[in-house]
Amino acid sequence: MEALKNRVAVLVGCNYPNTGNELHGCINDVLTMKETLVKRFGFDERNIEVLTDAPNSSKMPTGANIKQALAKMVDGAKTGDVLYFHYSGHGTRIPSKKHGHPFHHEEAIVPCDFNLITDLDFRQLVNRLAKGASLTILSDSCHSGGLIDKEKEQIGPSSSQKGLTSKTGYTLTKKAIPYDSILEHLSSLSKATATDIGTYMQELFGSDASLRFQTASHALLGAIGPDEGILLSGCQADETSADMNPGVAGKAYGAFSNAVETVVREEGGLSNREVVVRARKVLQGQGFDQHPCLYCSDEKAYATFLGHPQKTEHYM
């Protein structure tokens with residue numbers, strides 16, 4: 001019998017407490033997903049690293065800490081291993097210098113210290129994967145479509161764009177920090193005077209800054225053909241994702257994270273494509289106009305979400 005392959009996860013939830021960018025459901029999202037990974041997908045708790053910005057957190061989700069956790073997971077993987085990264089928090093868009101970019105921006109997530117992790121960093125991680133290992137990224141953040149640079153689009157932008165709405169009556173917060181706000185925050189921490197975000201990132205974070213801001217280092221990081229990267233994004237690159245707050249302590253959640261949780265609890269053994277299609281329907285039924293997307297190879301689109309059929313046990 002073939003030995004059981006490792007199933008390893010890094011889960012990151014950023015609520016940005018006591019700031020003007022505060023969210024409420026992101027930590028709940030990753031704690032709920034941790035339970036799902038253990039009870040339905042066969043992950044061992046010892047192989048799940050959780051980083052949150054909760055007041056009692058032992059390891060904050062800074063850019064450097066998130067990248068260190070991801071590097072450890074990816075570099076330790078062997079053929080057949082199933083790797084999973086779940087991010088719930090703010091996203092942003094950086095003006096693109098590439099000709100022909102469809103939205104004229106590059107996508108990034110926003111760690112608690114604003115040391116952005118960009119689509120190029122995720123491309124590098126995918127390129128480093130051991131042959132036969134897989135890396136599934138679920139990003140419940142604004143502008144998350146295309147978060148793995150040059151990954152093939154399987155379920156992409158919708159022509160329907162009406163804005164962020166909901167039938168739930170909950171308070172909705174967009175999980176996005178505008179580029180100008182990012183720039184203003186970084187400039188307040190820096191001694192430099194610049195209009196280019198790369199100058200601030202290099203001064204503040206040095207070698208821990210994204211590859212996107214390292215001189216000429218991204219030129220060699222193209223896609224390498226069909227690969228083992230899988231991205232489930234909470235919305236299109238030009239859309240926002242919602243943080244839902246019912247006003248009851250401990251009950252807030254991300255709309256996309258909750259939709260995926262709903263889908264995988266209802267039926268096991270779904271493909272990556274089926275999970276995204278059904279999550280779209282859940283969000284549509286709740287009145288949202290954010291459109292989750294799927295980016296991966298043709299083969300991975302029809303592969304089972306997280307690698308094998310789920311357990312059928314029910315739990316609260």
Side-chain angles (χ1 to χ4, degrees), residues 7-13 25-26 29-30 32-34 36-37 40-41 43 70 73 82-89 91 107-109 117 119 121-123 125-126 129 133-158 175 226-243 253-284 286 288 290-308 310:
R7 307 174 69 74
V8 186
V10 174
L11 313 178
V12 174
C26 300
D29 289 340
V30 297
T32 300
M33 180 53 71
K34 179 181 179 181
T36 299
L37 293 177
R40 295 188 72 88
F41 289 98
F43 282 69
L70 290 172
M73 178 173 69
V82 175
L83 312 182
Y84 180 63
F85 173 54
H86 190 119
Y87 172 77
S88 183
E107 298 76 33
I109 62 173
I117 302 176
D119 53 346
D121 299 305
F122 290 110
R123 163 50 56 196
L125 286 169
V126 170
L129 274 173
S134 65
L135 172 60
T136 300
I137 297 171
L138 189 153
S139 189
D140 188 354
S141 57
C142 292
H143 313 304
S144 48
L147 196 56
I148 303 176
D149 189 48
K150 297 184 177 69
E151 194 63 63
K152 183 174 182 179
E153 177 186 290
Q154 297 289 343
I155 300 175
S158 166
K175 301 175 81 169
D227 56 47
E228 306 299 321
I230 304 160
L231 170 65
L232 290 76
S233 67
C235 61
Q236 300 170 188
D238 59 342
E239 287 184 332
T240 55
S241 294
D243 182 67
Y253 59 85
F256 180 53
S257 292
N258 182 68
V260 171
E261 286 280 350
T262 299
V263 167
V264 300
R265 289 188 187 201
E266 287 178 348
E267 185 175 345
L270 299 174
S271 70
N272 292 305
R273 175 178 285 275
E274 289 171 322
V275 169
V276 172
V277 168
R278 295 190 187 196
R280 276 194 172 199
K281 290 180 179 178
V282 169
L283 290 170
Q284 183 180 24
Q286 294 173 341
F288 291 100
Q290 66 184 75
H291 301 88
C293 299
L294 175 66
Y295 298 81
C296 60
S297 67
D298 295 341
E299 178 183 356
K300 291 299 181 184
Y302 294 97
T304 306
F305 178 64
L306 294 183
H308 71 73
Q310 300 162 298

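Keep in mind that what you see is a predicted model, and the values were worked out from it rather than measured. FYI, side chains are in, hydrogens and waters are out, and symmetry mates aren't considered; it's all heavy atoms of this structure. Along the sequence shown, residues are numbered consecutively beginning with 1.
Looking at every heavy atom in both residues, Ser257 comes nearest to Asp140 through OG-OD2, 2.8 Å. Val30 approaches Val12 most closely through the heavy-atom pair CG1-O, 3.3 Å. Here the shortest heavy-atom pairing between Val82 and Gly307 reads CG2-CA, 4.5 Å. Contact record, Ser241 with Cys235: OG-SG, 3.3 Å, taken as the closest heavy-atom pair. Minimum interatomic distance between His143 and Ala237 (heavy atoms only, all atoms of both residues): ND1-O, 3.0 Å. Across all their heavy atoms, Leu231 and Leu147 have their closest contact at CD2-N, 3.2 Å.
Looking at heavy atoms from C-beta onward, Tyr87 lies out of side-chain contact with Ile117 at the 4.5 angstrom threshold. Under the 4.5 Å side-chain criterion, counting only non-hydrogen atoms from C-beta, Leu306 is in contact with Leu37. Here the side chains of Phe122 and Leu70 are in contact, with some heavy-atom distance below 4.5 Å. By the 4.5 Å heavy-atom criterion applied to side chains, Gln286 and Asn258 are counted as neighbours.
Going from atom SG of Cys142 over to atom CD of Glu107 covers 12.5 Å, rounded to the nearest 0.5 Å. Between Leu135 atom CG and Cys296 atom SG the span is 12.0 Å, to the nearest 0.5 Å. Distance check, rounded to the nearest 0.5 Å: CD of Gln236 to CD of Glu153 gives 8.5 Å. Between the NE2 atom in His291 and the CZ atom in Phe256 there is a gap of 13.0 Å [rounded to 0.5 Å]. A distance of 8.5 Å separates CD of Glu151 from CD1 of Ile137, quoted to the nearest 0.5 Å. Taken from OG in Ser144 to OH in Tyr295, the straight-line distance is 8.5 Å, to the nearest 0.5 Å.
Annotation: side chain to side chain donor-acceptor pair (under 3.5 Å) contacts of Ser139 (sequence neighbours excluded): Ser141. For Ala255, the side chain to side chain contact (heavy atoms under 4.5 Å, CB included) partners are Ala242, Met244, Leu283, Phe288, Gln290, not counting sequence neighbours. Applying the salt bridge (Lys or Arg N to Asp or Glu O under 4.0 Å) criterion to Arg273, with sequence neighbours excluded, gives no partner residue. Listed by chain and number, the residues in a side chain to side chain contact (heavy atoms under 4.5 Å, CB included) with Lys34 are Leu11, Glu45, Ile48, Val50 (sequence neighbours excluded). With sequence neighbours left out, the side chain to side chain donor-acceptor pair (under 3.5 Å) criterion links Ser88 to Asp29, Lys175. Remark: Tyr84 engages His86 in a ring-ring contact (aromatic ring centres under 6.0 Å, His included) (not counting sequence neighbours). By the side chain to side chain donor-acceptor pair (under 3.5 Å) test, Ser271 is found to be paired with Glu274, residues two or more places apart in sequence or in another chain being considered. Partners of Phe43 under the ring-ring contact (aromatic ring centres under 6.0 Å, His included) rule, at least two apart in sequence or in another chain, do not exist in this structure.
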ask   = Would Phe85 and Leu125 satisfy side chain to side chain contact (heavy atoms under 4.5 Å, CB included), going step by step from the backbone distance to the final call?
value = CA-CA 11 Å; Phe85 173 54; Leu125 286 169; over 6 Å; no
inquiry  = Run the side chain to side chain contact (heavy atoms under 4.5 Å, CB included) test on Leu83 and Glu228 for me, step by step, so that the C-alpha distance in whole Å, both residues' side-chain angles and the decisive distance to 0.1 Å come before the verdict.
reply    = CA-CA 10 Å; Leu83 312 182; Glu228 306 299 321; over 6 Å; no
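With Asn272 contributing its side chain and Leu294 its backbone, the two residues share no donor-acceptor pair below 3.5 Å. Using modelled atom types, no side-chain atom of Asp149 and backbone atom of Asp119 make a donor-acceptor pair closer than 3.5 Å.
Using a 4.0 Å cut-off between a side-chain N of Lys or Arg and a carboxylate O of Asp or Glu, Asp227 and Arg123 qualify as a salt bridge. Taking a cutoff of 4.0 Å between a charged side-chain nitrogen and a carboxylate oxygen, Glu267 and Arg278 qualify as a salt bridge.
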